[in-house]
Amino acid sequence: MKKYIFITPEGSTFSPNGAEVENMQVIATVEEVTNEDEALKKLLLENDWIFDSEFNVAEFICYQII
């Protein structure tokens, strides 16, 4: 079984001094799947907050973690 990490260029975060910073954000990791498509399906089924937060799933970047 494989493990994947999903990141997105959407959104921003704040630095320790309170300045807004644009960066890549980790959405989640998914484990115990056989491929990237299965990982995306599992990610979306187990994390309703992704849709509630209005992330554009098409913007997600997926990497297999070794």
Side-chain angles (χ1 to χ4, degrees):
M1 299 306 266
K2 299 177 182 175
K3 182 176 182 178
Y4 293 87
I5 187 169
F6 288 87
I7 61 174
T8 182
E10 292 183 292
S12 59
T13 189
F14 293 92
S15 68
N17 69 1
E20 187 173 10
V21 178
E22 290 186 29
N23 59 6
M24 302 294 276
Q25 296 186 59
V26 173
I27 295 296
T29 58
V30 177
E31 299 182 37
E32 300 182 15
V33 293
T34 57
N35 58 48
E36 189 174 314
D37 290 333
E38 188 178 320
L40 180 60
K41 289 177 188 174
K42 185 174 181 179
L43 172 75
L44 298 176
L45 284 172
E46 295 179 356
N47 295 280
D48 292 337
W49 63 267
I50 292 172
F51 292 113
D52 294 341
S53 300
E54 299 182 2
F55 279 103
N56 180 356
V57 177
E59 294 283 328
F60 286 3
I61 301 165
C62 180
Y63 293 106
Q64 183 178 345
I65 301 172
I66 297 177

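The distance from the CD atom of Glu10 to the CG atom of Asn56 is 5.0 Å, given to the nearest 0.5 Å. For the atom pair Ile65 CD1 and Lys2 NZ, the distance stands at 13.0 Å (nearest 0.5 Å). One distance of note links OG1 of Thr8 with CE of Met24; it measures 6.5 Å at 0.5 Å rounding. Rounded to the nearest 0.5 Å, atoms OG1 (Thr13) and CD (Glu22) are 11.5 Å apart. A distance of 7.5 Å separates NZ of Lys42 from CD of Glu31, quoted to the nearest 0.5 Å.
Residues satisfying the side-chain contact (heavy atoms from CB on, under 4.5 Å) test with Leu45, not counting sequence neighbours, are none.
In this structure, the side chains of Met1 and Thr34 come closer than 4.5 Å at one or more pairs of heavy atoms.
Residues Ser12 and Gln25 approach most closely at N-NE2, 3.1 Å, considering heavy atoms.
The hydrophobic cluster containing Leu43 also includes Tyr4, Phe6, Ile27, Val30, Val33, Leu40, Leu44, Trp49, Ile50, Phe51, Phe55, Val57, Phe60, under a criterion of side-chain heavy atoms closer than 4.5 Å among ILVMFWY residues, counted directly or through chains of members.
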